[in-house]
Undergrad: 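My structure is below; once you've seen it, I'll send some questions.
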Amino acid sequence: MKKANRATLIGYYRTMVVIRRFEEAVEQLFARGVIRGTTHPSSGQEAVAVGSCAALGKNDYITSTHRGHGHFIARGADPRRIMAELFGKSSGYSHGRGGSQIMADFRLGFLGSNGITGSGLAIATGAGLAMKLQGRRSVVLCFFGDGAASQGTFHESLNMASLWKLPVIYLCENNLYAMSSPVAETVSVPHIAQRAEAYGMKGVIVDGNDVLAVRDAVAQSCFRARNGNGPELIECKTYRLSGHSRGDPRIYRTREEEALWHQRDPILRFRTWLIDNGFLDKAEAKKIESGAARIVASAVRFARTSSDPDPDAMCRGLFA
Amino acid sequence: MKKANRATLIGYYRTMVVIRRFEEAVEQLFARGVIRGTTHPSSGQEAVAVGSCAALGKNDYITSTHRGHGHFIARGADPRRIMAELFGKSSGYSHGRGGSQIMADFRLGFLGSNGITGSGLAIATGAGLAMKLQGRRSVVLCFFGDGAASQGTFHESLNMASLWKLPVIYLCENNLYAMSSPVAETVSVPHIAQRAEAYGMKGVIVDGNDVLAVRDAVAQSCFRARNGNGPELIECKTYRLSGHSRGDPRIYRTREEEALWHQRDPILRFRTWLIDNGFLDKAEAKKIESGAARIVASAVRFARTSSDPDPDAMCRGLFA
Amino acid sequence: MKTMSYTEALREALAAEMKRDDCVILLGEDIGRYGGAFGVTRSLLDRFGPQRVINTPISELSFVGAAVGAAMMGMRPVVEIMFMDFITLAMDPIVNMAAKLRYVFGDQARCPLVIRTVAGGGRCYGPTHSQSLEAWFVHTPGLKVVAPSTPADAQGLLISAIRDDNPVIFIEHKMLYNTKGPVPVPACRPVPFGRARRISRGSHITIVSWSWMACQTEIAAAMLREEGIEADAMDMRTLSPLDIEAVVESVKLTGRLLIVQEACRTGGVAAEIAARVFEAAHDYLNAPIRRVAGPDVPLSASPVLENAAMPDAERIVAAAMELVNFR
Amino acid sequence: MKTMSYTEALREALAAEMKRDDCVILLGEDIGRYGGAFGVTRSLLDRFGPQRVINTPISELSFVGAAVGAAMMGMRPVVEIMFMDFITLAMDPIVNMAAKLRYVFGDQARCPLVIRTVAGGGRCYGPTHSQSLEAWFVHTPGLKVVAPSTPADAQGLLISAIRDDNPVIFIEHKMLYNTKGPVPVPACRPVPFGRARRISRGSHITIVSWSWMACQTEIAAAMLREEGIEADAMDMRTLSPLDIEAVVESVKLTGRLLIVQEACRTGGVAAEIAARVFEAAHDYLNAPIRRVAGPDVPLSASPVLENAAMPDAERIVAAAMELVNFR
Ligand SMILES: Cc1ncc(C[n+]2csc(CCOP(=O)(O)OP(=O)(O)O)c2C)c(N)n1
Ligand SMILES: Cc1ncc(C[n+]2csc(CCOP(=O)(O)OP(=O)(O)O)c2C)c(N)n1
Ligand SMILES: [Mg+2]
Ligand SMILES: [Mg+2]
């Protein structure tokens, strides 16, 4: 890992912890029936979210997935408004219209999480096209999963982006499962990054549980894309520690496998590294952790006390 | 080229010539306004059609494209009924309901040409799945173009076929253009066959204007597929000597390029080779050529004198 | 008769047909060990093995296309599209291939394909997991469209769908899976397409609906009865073919028609029913035909908004009262 | 006024808007040098360059999706789908993304996207190159749907579509490209959405249609006039928004309504118009509402079959006569 500014590193850690606490709180709220609908927690994948967002500039853009809370928080979104959206409140990012899967904040360059697996790939490609046509030096970071890599739009999007040399980073979060399907049952090659070659594109494999490795890989791809070298495909190998969505019995994988990955928990790993390298001591870590808990508690409070959307306004706002 | 039975070789030549005459006749009939609608002639691509069908067995299957007359004739279809379909007559393969792009003869294992670019890829995959589930040793040959290779279904189909080890040969007729678009503008790598690797599949590049090379490549792939080794991707490099469809001014390519490819005309080439190797003399060749002309003339006569479909029966036959 | 849930009834139908006919295979995302997002195919992998219960990658376009190809080759694929909203990705093989095969290729071709999918709101799943898109398929010649509301119909119609030699869009509803009802035993029995099921008899007003709305209509009919209004209520069960005769006949007696659909109002199946009834029974109508329908906006995730958007028994009752009191 | 073809009028609109606003870009298959399958974009590559006129690979799903992404980022993409039948491949980004963006993401989001496509029969292109699928989009909240029948409307409505901040499905018709008509000069002028155009005035019957069928209706109206029947004929021009008020007003005068649609009968837009008119003008109707429509089968390639399937002036006249003579 490269040398780095202490405050920056601590910042990564803080964000990762906030995401984890947030997802844990969400899972509990669903389990207790406080929130209705469904949600896809990103516990275990915080290093990907935080590492890749750390590599982006203010003017860059992101497209996200159904599992988007972590991406959104890492990009600087207000956890209170995310939580409020989960509660279906009018103070939520989508005013209760989108729910867990569909939120955006264009001022943050966050072009939206998304309920349709794979659909962000084309959106990101189009955003990249716009960047190119507008002569801007922004890049677009496109998150998608190993499951999404089987959608036709993966092929169509990467092909177009490569042909047109668009500044798009296609970042596959390979968490080894698409819902219940192990990646070996849905992807016919060992590594999704291998497929980059089929588009004349650079493909990179990264340890997705190493926040700094993710950051550095994304930074390098961004650098090249920003300088007109076109898109790249990064595959982050990671693991979702939680269930796929609310109420997932996880019968498709073993508790042993999960235990293994709990040992590789990106947060614990980074915490240890920070302490080992003298960036953090246990007391500070605890402080950060309880700070995160407070942030999440306040988000829940905010969400709970926010008002419901007005049903009478339901038919408004369909058109610009 | 391997040694081969004379009658077989002559048979290939005859079929290639029939296809060419057929397409020429069709072009003329359209130009003269005798036939309405549209058509996609396959002149210049006869070696692919004839070579690959020569490698198939009676119990194998084919899915075709919008440019399917050649495939169909090579598989043994009756030129009269194809022509009748173009004329919109009730004696046509689709009783006038399909037109140039949509014909099938299941008894020949010809599962249909197709108006939607790329749509045969999934059909072939499903037919391959059926073969596997039914424990049959048949293979499915899936024709598609360089343009179709950009459709998402290419990716989805090849991925599934590879995962499930289906007996499907994906045969890309790369005729260098998708309608007006040169392949370099639509495919981000030099060779479509390269993309096989992205699916853990064997990819093969063949001179698509060499009928025996095509036959041998397809035969080898079929052998492997039939023995449970799964799908393969063959790219036949060829050229469409005619316009894309009726009335194409061909402004997207030069007359020089066309002239070059006329020199590589697969029929002339094979004719020369047959003569040079003592399989054919000029008189025989002429005889075959006039025989082909007669076949096509009789097809036109058949089509012309066939009756129109009965409009009163238009609403029948929607359901089985 | 045995009481079982809609989910169980569907599962039994699948199992029975798979047992009956080796050609029946299942294809879809997470339908194997996981049993599908709503558990309909649970246990079937164990019972029939991975050759019959095929987990697919997330490739809606091509696994539906492949199912069409397999159907052409004599298989009888039953495909699960996890949410109906995702059928947007598979419109091409459904509309341009499955629906047209038989018509164009003639007697040689058959496409015995069932596409099971889940429509509708009620679970706060938000705008891309709640749509009711049956109208698109009703507007596509060559498809049959089924939308059962009871366990018995779910079972019987699924059996008919699987045995049908044509492509069938089989629409389930997320609010129905846990509902229970009597189902004939021991044998699974097909329920024929094209015949509406009478929910209640009455002479004051005809009420027509399908899927989850048929349950709401049943509740509404009971509420109306308390008000002294006898509704002739019908569950269409299949939308293609559509049992318009039953509706017309009823309207000839009641003179009033209310159609209930969950889908957004404009361009829904209710409009087609209204148009046909008016064409056929113009003289008999004593009031305008009314539609209770979803609003012309996406369905929101927020419980408050979703609830406000979805038609329910109370709204049906209110509309029926208005109609009965018309002039 | 200047006489020009529908194709030229569309091309002028594209060129004028591209000149007016750098954000307007074109995307589609073979729209560059080739000028598109029907020549609408001919010459635009030369005039605006490859940054503005972007030839895409055959990837309908993703170039439409990309256009949505570009629109979100401030571009104004005008996408060409070569035949409307191929829009089946792009339903997901249209329905699940473009149509819902604004509603869900609120004020921050805009999706100024135009999807131009070609519907309809008449050219013997067969079942997968002839469909009229407007009903699907009319049933999708968040989309505007436009289907002009004259060069002037094609031009003016395309301008409005491009300037609109919402996704617009802009439906052209293959039989219309070569038709000619007067178009305002010198400047291209927007034609507002949501206002029907009167084809002819009359008090005996209201006839409503759009796209190519509006031309057939115009001919029919002239033929009817010779029979002494004055038709109040209207070209809806836009189907979302739908100028139902104009139709209702007319029906209040004529008491008779005929709706003409090329799409297959069941579940088409005509049903929605019928249902709405009946809801709003029940009292005024002196006859059933009639629909002249395509049959519920795919359109064949054979000229004889295609011709038999497509509604035309004669069938419109026959239906109108019947309706006028009703009771
Ligand atoms: C088009 C579509 N198909 C299926 C689904 C249902 N679904 C939601 S998430 C998911 C798995 C996605 O897997 P992956 O891309 O690996 O992302 P992960 O859930 O692992 O983060 C599925 C099948 C969907 N939302 N959209
Ligand atoms: C989905 C779809 N998109 C576009 C078309 C229009 N179209 C017909 S053929 C063609 C070009 C196909 O190119 P290729 O696959 O290379 O086949 P070729 O015509 O060269 O034989 C196009 C764009 C279509 N029929 N279907
Ligand atoms: Mg995954
Ligand atoms: Mg080609």
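Lettering of chains follows the sequences in order, A, B, ..., and the numbering in each one begins at 1. All values below come from the heavy atoms of this structure, side chains included, with hydrogens, waters and symmetry mates left out.
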Undergrad: Could you check if a side-chain atom of C/Pro57 sits within less than 4.5 angstrom of a side-chain atom of B/Leu163, using non-hydrogen atoms only?
TA: yes

Undergrad: For B/Leu111, is it the side chain, the backbone, both or neither that has a heavy atom under 4.5 Å from a heavy atom of chain C?
TA: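 For B/Leu111, the contact with chain C is made by backbone and side chain together.
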
Undergrad: Tell me, for B/Asp105 versus chain C, whether the close heavy atoms (under 4.5 Å) come from the side chain, the backbone, both or neither.
TA: both

Undergrad: Counting C-beta onward and ignoring hydrogens, is there a side-chain heavy-atom pair between C/Lys144 and B/Phe319 closer than 4.5 Å?
TA: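 Yes, their side chains come closer than 4.5 Å.
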
Undergrad: Between B/Leu121 and chain C, which part of the residue has a heavy atom less than 4.5 Å away: side chain, backbone, both or neither?
TA: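 No part of it gets close to chain C.
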
Undergrad: Taking every heavy-atom pair that is under 4.5 Å apart, which of C/Asp165, C/Asp107, C/Leu61 has the most such pairs with chain B?
TA: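 Among the listed options, the one with the most contacts to chain B is C/Leu61.
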
Undergrad: Any idea which heavy atoms bring C/Arg110 and B/Ala320 closest together, and the distance?
TA: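 It is CG-CB, 4.2 Å.
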
Undergrad: Report which part of C/Pro141 has an atom under 4.5 Å of a heavy atom belonging to chain B: side chain, backbone, both, or neither.
TA: both

Undergrad: Let me know if C/Leu27 has heavy atoms under 4.5 Å from chain B in its side chain, its backbone, both or neither.
TA: side chain

Undergrad: Taking atom OH of B/Tyr93 and atom CZ of C/Phe105, what is their separation to the nearest 0.5 Å?
TA: 12.5 Å

Undergrad: Please look at C/Met97 and chain B and tell me whether the side chain, the backbone, both or neither of the residue comes under 4.5 angstrom of a heavy atom of that chain.
TA: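 For C/Met97, the side chain is the part near chain B, not the backbone.
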
Undergrad: Quick one: does any side-chain atom of B/Arg97 pair with a main-chain N or O of C/Tyr103 as donor and acceptor, under 3.5 Å?
TA: yes

Undergrad: Of all of C/Val64, C/Ile54, C/Val68, which one pairs up most often with chain B through heavy atoms under 4.5 Å apart?
TA: C/Ile54

Undergrad: Once you round to the nearest 0.5 Å, how far does CZ of C/Arg52 lie from CG of B/Leu133?
TA: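 Going from the CZ atom of C/Arg52 to the CG atom of B/Leu133 covers 9.0 Å.
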
Undergrad: If only atom types and distance count, is the side chain of B/Gln134 paired as donor or acceptor with the main-chain N or O of C/Met73 below 3.5 Å?
TA: yes

Undergrad: Looking at chain C, which one of B/Met160, B/Arg316, B/Lys132 has the largest number of heavy-atom pairs inside 4.5 Å, strictly under?
TA: B/Met160

Undergrad: Determine whether B/Ser119 and C/Asp92 satisfy the following criterion, side chain to side chain contact (heavy atoms under 4.5 Å, CB included), listing intermediate values before the conclusion.
TA: CA-CA 8 Å; B/Ser119 129; C/Asp92 171 54; 3.8 Å; yes

Undergrad: Side chain, backbone, both or neither: which part of C/Ala109 has an atom under 4.5 Å from a heavy atom of chain B?
TA: both

Undergrad: Can you tell me how far CD of C/Gln108 sits from CZ of B/Phe110, rounded to the nearest 0.5 angstrom?
TA: 11.0 Å

Undergrad: Are more than 12 heavy atoms from other residues, nucleotides or ligands located less than 6.0 Å from atom CD of C/Glu249?
TA: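 No, the 6.0 Å shell around CD holds no more than 12 heavy atoms from other groups.
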
Undergrad: Which pair of non-hydrogen atoms, one from B/Leu318 and one from C/Gly142, has the smallest distance, and what is that distance?
TA: CD2-N, 3.5 Å

Undergrad: Pick one of side chain, backbone, both or neither for B/Met131, based on which atoms fall under 4.5 Å of a heavy atom in chain C.
TA: side chain

Undergrad: Would you please say whether a donor-acceptor pair under 3.5 Å links the side chains of B/Glu156 and C/Ser59?
TA: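 Short answer, no.
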
Undergrad: Of C/Asn96, C/Val104, C/Leu101, which is the lone residue that meets side-chain contact (heavy atoms from CB on, under 4.5 Å) with B/Ile102?
TA: C/Val104

Undergrad: State, to 0.1 Å, how close B/Ala122 and C/Ser62 come at their nearest heavy-atom pair, and which atoms those are.
TA: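 Closest approach of B/Ala122 to C/Ser62, heavy atoms only: CB-O, 3.7 Å.
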
